[in-house]
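This report refers to the structure that appears directly beneath it.
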Amino acid sequence: MRLTRAEEQPLWKTGIVHLGLGAFARAHLALYTEDTGTRDWGILGVSLQRPDQRDHLAPQDFLYTALERRPEGNQPRLVTCLTGVLVAPEDPQAVLAAMSAPTTRIVTLTITEKGYCHDPATGRINWSHPTVLHDLENPAAPKGAIGFMVEALRRRHAAGLAPFTVLCCDNLPANGRVVSGLVQEFAERSSPDLAAWIIAEGRFPCAMVDRIVPATTETDIAEVARLTGFDDAAPVVHEPFRQWVIENRFVGGERPAWDSVGAELVTEVEPFEHMKLRLLNGAHSALAYLGYLGGHETIAETMADPAFAGFVRRLWREEIVPVVPPPPGADLSAYVAALDARFRNPAIRHRTWQIAMDGSQKLPQRLLGTIRERLARDLPLPCLALVIAGWVRYVGGVDEHGAEIDVRDPLAEKLHAVQQAAPNAPGRVRAVLGLPEIFGSDLPGDDRFILAVTEAYAALMEQGARGAAAALAG
Ligand code: CS2
């Protein structure tokens with residue numbers, strides 16, 4: 001049976017425009033918003049690239065199922081707070097109109113790290129990025145999120161409206177500050193007045209978001225149909241855990257009562273971000289590269305292998321926890337124990353290949369910050385070095401059995417080419433670690449770092465990922 005909105009069901013009114021509607025936002029932002037039950041904060045989704053979300057959701061009145069997967073069973077739930085989905089390349093004017101509407105008070109974002117078209121090492125705009133170049137030339141019909149926000153803010157300013165709050169829900173450090181910097185840099189180019197207004201009146205709260213949401217599969221779709229009796233073309237699956245820590249800075253103080261349903265509204269998000277990006281996402285990337293090379297398809301499978309579970313526990317305990325300052329009231333060993341259990345949840349099939357994507361955009365905030373802190377204190381980093389070596393091997397494009405790896409990364413070609421041009425293994429490592437857009441200007445010149453990764457890479461080539469991880473497992 002098809003999902004349809006019942007006549008008597010009251011509709012939500014759009015208060016939020018969400019750029020980059022994907023599974024994560026539908027299983028996190030949307031569920032928190034749904035839980036508040038305040039129907040004037042409905043979410044209008046925008047796809048910046050493909051029409052598939054709209055094509056799946058429109059025929060079912062933008063309703064969908066969120067399936068919570070626990071080791072002991074699954075719980076489906078209907079989500080009703082989506083008010084529509086726009087596909088930006090088809091109709092950029094409709095997106096700009098929605099963002100400039102007086103009723104839109106918040107613009108939320110999950111466009112993934114690479115969607116910001118910035119240089120991950122510096123957090124500044126990449127002015128040679130094709131999307132940025134396009135949006136500079138065509139400000140009234142943009143393609144990228146920054147272009148859309150600047151043009152919509154310009155229209156609001158011209159119309160005498162307040163700006164919307166920009167709430168970033170991507171895994172970037174100091175995400176609100178980074179986005180605010182990018183929007184200002186971009187606005188400066190066309191109008192210093194507009195940039196000044198955005199600085200004065202705009203609000204870009206930082207936020208830490210957390211929930212494990214693997215890509216939906218055909219098996220999930222079939223299971224939802226079996227459990228609910230509805231043919232939902234776009235369900236989302238998620239773990240039970242969720243966390244959202246948000247800096248409480250909204251234009252006019254206007255926002256849904258997310259704090260009444262478990263979100264933490266705080267004055268300082270950074271320690272929560274560090275904890276999450278470095279302990280959760282850092283370990284996720286570690287397991288993704290090494291687990292993939294070791295022949296494991298999912299994180300849960302990788303964690304069921306004692307070599308990798310032992311490795312990641314030592315990575316947490318000895319190399320990350322000692323240099324992560326705990327946020328107020330947090331107990332890092334309890335946090336790590338909870339992560340361990342979340343990663344082991346066998347009901348969540350989160351593919352190592354999915355997490356391995358876009359490593360060039362993820363490594364800086366997930367692993368390189370920790371590496372820098374350890375180097376500054378002259379502390380050893382054998383586990384972190386093996387993770388970086390695993391990534392170098394992964395982006396080399398050939399697995400341990402000689403099969404090709406489908407490497408998805410905006411820098412994939414470059415990462416492959418610099419390795420091809422190197423004469424030998426140490427040369428490959430040095431060439432990749434020399435890329436300043438990932439490793440900045442400091443790490444390429446730090447012999448302790450280069451040497452540690454070169455040694456780890458040699459171990460990886462000799463013993464394979466499993467052997468090398470087992471040798472370090474604690
Ligand atoms: C993952 C994240 O795909 C990835 O890179 O590490 O999506 C992770 O599952 C979430 O950040 C969990 O909150």
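Atoms within a ligand are numbered from 1 in the order they appear, just like the ligands themselves.
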Considering only heavy atoms of [X], which atoms of ligand 1 have at least one such atom less than 4.0 Å away?
{"X": "K276", "result": "10 (C), 11 (O), 12 (C), 13 (O)"}
{"X": "H284", "result": "1 (C), 6 (O), 8 (C), 9 (O)"}
{"X": "H350", "result": "9 (O)"}

For the residue pair [X] and [Y], establish whether any side-chain heavy-atom pair is separated by less than 4.5 Å.
{"X": "E223", "Y": "V237", "value": "no"}
{"X": "P346", "Y": "P71", "value": "yes"}
{"X": "I388", "Y": "Y289", "value": "no"}

Checklist entry - What is the closest protein heavy atom to atom 2 (C) of ligand 1, and at what distance does it sit? => result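 Looking only at protein heavy atoms, the one closest to atom 2 (C) of ligand 1 is N281 ND2, 3.6 Å.
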Checklist entry - Quick one: which of I355, I299, L339, N171 has a heavy atom closest to atom 7 (O) of ligand 1? => result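 Residue with the shortest heavy-atom distance to the ligand atom: N171.
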Item to check | Whether R366 lies under 4.0 Å from ligand 1, heavy atom | outcome: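 Per 4.0 Å heavy-atom rule, R366 contacts ligand 1.
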Item to check | R211, any N or O under 3.5 Å of ligand 1 N or O | outcome: yes
Item to check | Close N or O approach (D210, ligand 1; < 3.5 Å) | outcome: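 Between D210 and ligand 1, an N or O pair is found under 3.5 Å apart.
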Can you give me every donor-acceptor pair (side chain of residues 402-413, partner residue at least two apart or in another chain, under 3.5 Å) with its distance?
unit_1: D406; atom_1: OD1; unit_2: R408; atom_2: NE; d: 3.1
unit_1: D406; atom_1: OD2; unit_2: R408; atom_2: NE; d: 3.3
unit_1: D406; atom_1: OD2; unit_2: R408; atom_2: NH2; d: 2.9
unit_1: D409; atom_1: OD1; unit_2: S360; atom_2: OG; d: 2.5
unit_1: D409; atom_1: OD1; unit_2: L411; atom_2: N; d: 2.8
unit_1: D409; atom_1: OD2; unit_2: G359; atom_2: N; d: 2.9
unit_1: D409; atom_1: OD2; unit_2: S360; atom_2: N; d: 2.8
unit_1: D409; atom_1: OD2; unit_2: S360; atom_2: OG; d: 3.3

Item to check | R242, portion touching ligand 1 at heavy-atom distance under 4.0 Å | outcome: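 R242 to ligand 1: no contact under 4.0 Å from either part.
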Checklist entry - Can E400 and R466 be counted as an ion pair, charged N to O under 4.0 angstrom? => result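 R466 and E400: not salt-bridged.
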Checklist entry - With sequence neighbours left out, what residues match E455 under side chain to side chain donor-acceptor pair (under 3.5 Å)? => result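 None.
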Next on the checklist: Could you measure the distance from the CG atom of D135 to the NZ atom of K143? Nearest 0.5 Å is fine.
Outcome noted: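 Atom-to-atom, D135:CG and K143:NZ are 8.0 Å apart.
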